[in-house]
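So you know, we letter chains A, B, ... as the sequences are listed, proteins then strands, and number each from 1. This is a predicted model, so every value here is computed, not measured.
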Amino acid sequence: MAERLNILDRVSKAGISIDFLKLTPSGMSFLVPETQGEIMDKVLEPCGDHFTVRQERSIVLVYAVNIRDEEGLIAGIVHTAITNGIRVDHIGDMHDRMLMVVKRHEADSLAKLVRETLMEAE
Amino acid sequence: MRIKVMKFGGTSVATPEARLTSAMRVISAKEQGYSPVVVVSAIGRKGAPYATDTLINVLREIDPSVEPDPRELDLMIACGEIMSAVIFAHTLKTLGHSAQAFRGGQAGIRTDGVYGNARIVGINPVSLFQSIEHGKIPVVCGFQGVFVQTEGAPGGELTTLGRGGSDTTGAAIGAALNAEAVEIFTDVDGVKTADPDAVKEAPTLRKVTYDEVAEIAHLGAKVVHPRAAEIAMNYGIPLWVKNTFSDDEGTEIVTRENFPGRRVTGVTHTGKLVYLQFDLNGAIESDRVMLESRIYETMAKYGINLFMLNLSPSSTGFAVPRSQYPTVEGILDGLVIPVSDGYKRVYVVQIGAKASRVVETQANLLSSLGEVRKIPALLTEGCSMVSLVGHEYLQQPGVFLNVLTAMMDGQVTVLQTSDSDFSLSLLVPEADTNRAVKLLHDRFHLAEVR
């Protein structure tokens, strides 16, 4: 955790606001506004850790009241995305929505797939 | 006509003394020139003779292996509020004030047809207005309505609104009657910055926005139901949370415009989760997407609710409600995922550090057919979600750093995080829940909030 905090400290001191932080077994991932993507290289390089900045990404948000309590809904949406060949770079869930970060050119296809999945569920 | 809706929770109507105190608040409102409309919950909380849980158990105890019909269950549990409304109306009568009890349907509350978790689709408040015009105090059963499939058909099906439904009834009636205010009476002074069980000194917030209170409620605080806050917000009805048994002014819930500014509102917690982190390092890279797909497909097929998801090139994970974990373990531990690319290779999911007999048996049987690789899932059985709720605060640089530093300093392991516009949630071991709440409460100086 200390190494992760060191990175977050550098990001914070650079005045960059992060969203949707996720911890992974060997690191973490988060989103920053696209305008700050290039700065991130400079901020993270001195940490000496392995990192990747992925650009040209879009967030697909799925809104549903109490989405976490809708049985199997989140799992079904993730399955729909993955099984249709869409690489989900980042994922998150809240009580009223879930988000998936995908390549920008795949966002519309994913949104369409999710709509169809939800209509089937109806 | 100045209408005030006053909703009284289970503890506020639990005993004759409590009902008298609640009734005096209603009479006081009337004397101040309001036309009060009362909404009541069932009498008492879990374990009380006429509380909702008790009534459910009366049916379940007949034969625990036979699930009650949802329609019959709604008829059963609605009795709790009906008794409560009649008793409260009669209490008002004994104090010299004419009152009239209404079932949800009699009060004009129409819902959809989802038994046990119905949504209000409309309210025709004619009978309530008539009651008020005749000088009576309407006392409405919370938590229930009626589903009428065909307009003009006689009767209708009694439905209940799900947990916290009486708050929703109060807010919805407030909207339908264009009330000056809706007051939710409970046994705490209002919305607090944290659960007093975790932080004794947690102060009562004097003012919060509808968004904040809805977020707090969604993330574990039981002070007001989120649907009630959402209805009040949508119809611009001033909402208050007050203590029946104290003269504390309570918490006023207002629009963002009426309470702008950047702040941390409070810390909430909700729990009983089990966290699973699947390690895909042992899988061939080209198989990983297929493996993830099968794991999520299985979760969807069995209707499992997922929390705190994460995906990375070498792992994926999520938390599930503890109540669903036996199902999850049953379907995932030993799940065989064959590879369909012509190679003789299968994967077997293993929950926990040690392979169960199921996993060993599957692996032994399959090993004669080809290569068997295990997908271990690290299991953390007792987890809870601790959330920091704020207004225009969480988007600032350094908030994650501050939160995670507080946890590290306090030696609380953070298993996962998630965040939204109004909240930042941490998945932590259940045993550390109260400590994590206190650490965040202290770190963000919430004891000083007013």
Side-chain angles (χ1 to χ4, degrees), chain A residues 1-2 4-30 32 52 65-101 117 121, chain B residues 214-215 218-219 226-227 230 277 279 281 289-290 292-318 321 324 378 394-405 407-408 413-425 427:
Chain A
M1 185 56 87
R4 290 171 176 148
L5 291 179
N6 181 35
I7 291 166
L8 291 177
D9 186 40
R10 294 190 66 85
V11 175
S12 168
K13 281 177 178 157
I16 297 170
S17 174
I18 67 168
D19 280 313
F20 309 116
L21 177 81
K22 285 290 164 192
L23 305 177
T24 63
S26 58
M28 63 184 170
S29 59
F30 50 82
V32 298
T52 309
V65 176
N66 292 328
I67 191 168
R68 286 165 166 164
D69 297 332
E70 294 291 333
E71 290 183 353
L73 182 60
I74 289 180
I77 291 169
V78 179
H79 172 247
T80 298
I82 297 172
T83 209
N84 282 283
I86 292 173
R87 182 66 234 175
V88 181
D89 286 328
H90 197 82
I91 197 162
D93 57 290
M94 292 133 258
H95 63 81
D96 60 351
R97 76 194 92 152
M98 66 175 289
L99 72 92
M100 288 172 282
V101 177
T117 305
Chain B
E215 194 80 2
H218 273 296
L219 293 171
R227 269 196 220 169
E230 283 154 9
Q277 184 73 34
D279 182 357
N281 277 305
V289 168
M290 181 270 295
E292 286 169 354
S293 176
R294 277 300 305 278
I295 290 168
Y296 285 101
E297 181 187 22
T298 308
M299 294 296 94
K301 187 176 166 188
Y302 286 88
I304 304 300
N305 300 335
L306 305 185
F307 296 67
M308 307 290 242
L309 276 79
N310 65 89
L311 273 174
S312 79
S314 60
S315 71
T316 189
F318 44 74
Q324 289 188 324
L378 185 67
L394 303 171
Q395 292 73 26
Q396 295 180 100
V399 175
F400 267 112
L401 173 68
N402 207 358
V403 166
L404 294 177
T405 303
M407 293 300 109
M408 195 176 82
T413 304
V414 178
L415 299 161
Q416 195 48 266
T417 68
S418 73
D419 60 300
S420 72
D421 297 345
F422 293 96
S423 65
L424 191 161
S425 300
L427 190 69

If you take all heavy atoms of [X] and [Y], which pair is closest and at what distance?
X: B:F400; Y: A:F20; answer: CE1-N, 4.3 Å
X: B:F307; Y: A:R68; answer: CD2-CD, 3.5 Å
X: A:S12; Y: B:G398; answer: OG-CA, 3.3 Å

Hey, could you give me the [atom1]/[atom2] distance between [X] and [Y], rounded to the nearest 0.5 Å?
X: A:T83; Y: B:E292; atom1: OG1; atom2: CD; answer: 11.5 Å
X: B:E297; Y: A:I82; atom1: CD; atom2: CD1; answer: 10.5 Å
X: B:L309; Y: A:H90; atom1: CG; atom2: NE2; answer: 11.0 Å
X: B:M407; Y: A:L5; atom1: CE; atom2: CG; answer: 11.5 Å
X: A:I91; Y: B:F318; atom1: CD1; atom2: CZ; answer: 10.5 Å
X: B:S418; Y: A:M98; atom1: OG; atom2: CE; answer: 12.0 Å

Taking [options] one by one, which has the highest count of heavy-atom pairs under 4.5 Å against chain B?
options: A:I7, A:L8, A:L23, A:I18; result: A:L23
options: A:M28, A:K22, A:R97, A:M94; result: A:K22
options: A:G85, A:A81, A:A14, A:G15; result: A:G15

By a 4.5 Å heavy-atom criterion (distance strictly below it), what part of A:R4 contacts chain B: side chain, backbone, both, or neither?
neither

A:D89 versus chain B, the contacting section by heavy-atom distance below 4.5 Å:
backbone

Most contacts with chain A, counted as non-hydrogen pairs under 4.5 angstrom, among B:L311, B:L415, B:N281, B:L378:
B:L311

Between B:L219, B:N402, B:L401, B:T298, which shows the greatest number of heavy-atom pairs under 4.5 Å with chain A?
B:L401

Measuring heavy-atom distances to chain A, does [X] have an atom under 4.5 Å in its side chain, in its backbone, in both, or in neither?
X: B:M299; value: both
X: B:I304; value: backbone
X: B:V414; value: both
X: B:T417; value: both
X: B:I295; value: neither

Are B:L404 and A:L21 side-chain neighbours, meaning at least one heavy-atom pair lies under 4.5 Å?
yes

Quick one: are B:N305 and A:E70 in side-chain contact, heavy atoms under 4.5 Å?
no

By side-chain contact (heavy atoms from CB on, under 4.5 Å) - contacts of A:T52 (at least two apart)
A:H50, A:R54

